[in-house]
Number of protein chains: 2
Amino acid sequence: MTVWDRPEPPTRPVPLDRERIVAAAVALADEGGLEAVSVRKVAARLNAGPMRLYGYISTKQELFDLMVDEVQAEILPEEQPDDWREALRVLAHRTRQAALRHEWLADLLGGRPTLGPHGLAVTEATLAALDGLADIDTVMRAVETVSAYVTGAIRREIANLRAERATGLSKLDWQRASGPHVTSMLASGRFPALAKAVYDGTDVDAETSFATGLDWVLDAVAAKLTRPPA
Amino acid sequence: MTVWDRPEPPTRPVPLDRERIVAAAVALADEGGLEAVSVRKVAARLNAGPMRLYGYISTKQELFDLMVDEVQAEILPEEQPDDWREALRVLAHRTRQAALRHEWLADLLGGRPTLGPHGLAVTEATLAALDGLADIDTVMRAVETVSAYVTGAIRREIANLRAERATGLSKLDWQRASGPHVTSMLASGRFPALAKAVYDGTDVDAETSFATGLDWVLDAVAAKLTRPPA
DNA sequence: TCGAACGGAAATACAGTGTATCGCCATGAG
DNA sequence: CTCATGGCGATACACTGTATTTCCGTTCGA
């Protein structure tokens, strides 16, 4: 039995870096949601033992932070429109699209301050869009407000999307979808305005809803900006 | 061996109901955050075995749903103001206060459709505030927009609050707090607008920030409402 | 050239999780 | 008094995040 007969020994441990770890984690989350991301599974996908990862992160939460920052890279457009309003709109829509590509992002959005390079870059871009159009405090308030709306709207959209997927029914069949419960609640007469909304409201698609609310918020921002800066 | 010598037999199992289960879960979450809520610990607090709970809920997620609905009961004011704007403001601020009392609410807010009785009641109250002031679709858009803002703003506030608590430093010391990283990032010149905001912006307290953004959003709503309904 | 020290990866270990299943026992019916 | 039933606890399982220990290949010093 010479060397030549024997197969090569199992490959030396694959060199790791954060990039590869995060990519594996993102892939897992894209396939099975955040709950499919476990240290063991991420490591397995990289042919490594679980503990190996703890040389690159010190906690699973940090892995999530890295994942968020990673997909935030998809948010920044190649070039920013000059018009502040258009710039903010693009950022918002790209955030939404990122969340639709990576639904787990909705679970993490707004959950922790985004201090990673791409997260900072997104914040920078948002601030830059309004830079000089008002005093700094107004700009900060504007950024906070728009971001809060975007976060909240995306979260709700994904939540509804999952609910529809789980029941297999469309939002229009909302009350029937949730079983007798909501139906009877609405029939109880205790929620007249809600009942009217469900029965008489035309259900608009999610993107339109997002865009409409966003426009309203941008209107509000515009109103504050036009007041001359200090 | 008379009756008097013998101890009482082990107490009969405590009767359970959802209310007590949810109350125990909420208490645990208030003390140690959402992660402190485990089926075993909730059950232990009720002198019951873990599996006992599965007669009342079928999944831990359902327990969370019940918890959210429970604290949503705290949101509804005794009586609604007549002015729609004041009504929405009150609802928003009470939601925020509930989240400050139960910080874990921020983790759940917007995560799933709120179909519980109190959740529906909150939605009803929100819709009712605007009922009749515009066509139904406009009203729905308005409710969605305001809710999205409230959700997002509360989430960010709690996230920042936790971050400050973890580093033990105030938001003003943000860049120093996060260690050399943010400091060097800001110094790098790659984020001029951000740097300006951090250094020149006056940091306003969270409540004011919340209220300001809310007012802006309400301004936007007002602008749409004044356009006569169809 | 041998030995020892070192560094990093892997294996093991632990305490805990959500939930399915099983077996028992106290209660009520006949 | 016996038997069936229903609900409860105990047990079990697969899995989690992470600390610790064990081991081995490499590199350096003598």
Side-chain angles (χ1 to χ4, degrees), chain A residues 3 6-22 24-68 104 107-108 111-112 162 166, chain B residues 3 6-22 24-68 104 107-108 111-112 162 166:
Chain A
V3 220
R6 277 181 281 115
E8 288 213 48
T11 59
R12 297 284 90 219
V14 183
L16 245 49
D17 50 26
R18 286 190 183 167
E19 197 182 353
R20 291 157 61 76
I21 292 173
V22 172
V26 166
L28 274 170
D30 286 348
E31 294 163 16
L34 252 204
E35 73 198 344
V37 177
S38 83
V39 175
R40 280 168 172 80
K41 285 195 277 220
V42 172
R45 205 169 254 243
L46 298 166
N47 294 111
M51 283 305 112
R52 198 72 193 284
L53 303 194
Y54 283 86
Y56 302 84
I57 56 173
S58 66
T59 232
K60 195 192 182 182
Q61 192 50 243
E62 292 189 352
L63 177 58
F64 286 160
D65 292 346
L66 291 175
M67 291 170 66
V68 170
W104 49 269
D107 302 317
L108 265 19
R112 321 188 88 214
R162 283 171 176 161
Chain B
V3 222
R6 275 180 283 116
E8 289 214 47
T11 59
R12 298 285 87 224
V14 184
L16 242 51
D17 51 26
R18 286 190 182 166
E19 198 181 351
R20 290 157 62 76
I21 292 173
V22 172
V26 167
L28 275 170
D30 285 348
E31 295 164 15
L34 252 204
E35 73 196 347
V37 177
S38 84
V39 175
R40 281 169 171 79
K41 285 195 277 219
V42 172
R45 204 170 256 242
L46 299 164
N47 294 112
M51 285 303 113
R52 196 69 197 285
L53 303 193
Y54 283 87
Y56 302 84
I57 57 173
S58 65
T59 233
K60 194 192 182 182
Q61 190 52 243
E62 292 189 353
L63 177 59
F64 286 160
D65 292 346
L66 291 175
M67 291 169 65
V68 171
W104 49 270
D107 301 317
L108 265 20
R112 323 188 84 214
R162 284 170 176 160

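Note that the structure is a prediction, hence the values are computed from the model and not measured. Residue numbers begin at 1 in each chain, while the letters A, B, ... track the order of the sequences. Both backbone and side-chain heavy atoms feed into the values below; hydrogens, waters and symmetry mates do not.
- Within the nucleic acid shown, B/Val42 has no heavy atom closer than 4.0 Å to any nucleic acid atom.
- At least one donor-acceptor pair under 3.5 Å links the side chain of A/Tyr56 to the backbone N or O of A/Leu16.
- The residue among A/Ala48 and A/Arg40 whose nearest nucleotide of DNA chain C lies closer to the 5′ end is A/Ala48.
- As a whole-Å value, the separation of B/Leu16 CG from D/dG9 C1' is 13 Å.
- In this entry the distance linking OH of B/Tyr54 with C1' of C/dT21 reads 14 Å, nearest Å.
- The base of D/dG9 lies outside donor-acceptor range of the side chain of B/Arg52, with no N or O pair under 3.5 Å.
- Side-chain contact between A/Trp104 and A/Met67 is present, with at least one heavy-atom pair separated by less than 4.5 Å.
- In this structure, of C/dG18, C/dA20, D/dT18, it is D/dT18 that holds the atom nearest to the side chain of A/Val39.
- Counted within 6.0 Å of CD on A/Glu62, heavy atoms from surrounding residues, nucleotides or ligands total more than 12; the atom is thus considered enclosed.
- If you take CE of B/Met51 and P of D/dA12, they are 14 Å apart, rounded to a whole angstrom.
- Separating the CG atom of B/Leu53 from the P atom of C/dG18 is a distance of 10 Å, rounded to the nearest angstrom.
- Here the C1' atom of nucleotide D/dT16 and the CG atom of A/Leu63 are 14 Å apart, to the nearest Å.
- Contact annotation: the side chain of B/Ile57 never approaches that of B/Ile21 to less than 4.5 Å [non-hydrogen atoms, C-beta and beyond].
- Whole-Å rounding puts the A/Leu34 CG to D/dT16 P distance at 14 Å.
- For B/Thr59, no side-chain nitrogen or oxygen approaches OP1 or OP2 of C/dG18 to under 4.0 Å.
- Atoms CD1 (B/Ile57) and C1' (C/dG18) sit 10 Å apart, rounded to a whole Å.
- In this model, the phosphate group of D/dT16 is approached by a side-chain N or O of A/Lys41 to a distance below 4.0 Å at OP1 or OP2.
- Salt-bridge check for A/Glu35 with B/Lys60: failed, with every basic side-chain N at 4.0 Å or more from each acidic carboxylate O.
- Checked against D/dA10, C/dA13, C/dG18, the side chain of B/Lys60 finds its nearest nucleotide in C/dG18.
- At whole-Å resolution of the value, CD in B/Glu35 and C1' in C/dG16 are 13 Å apart.
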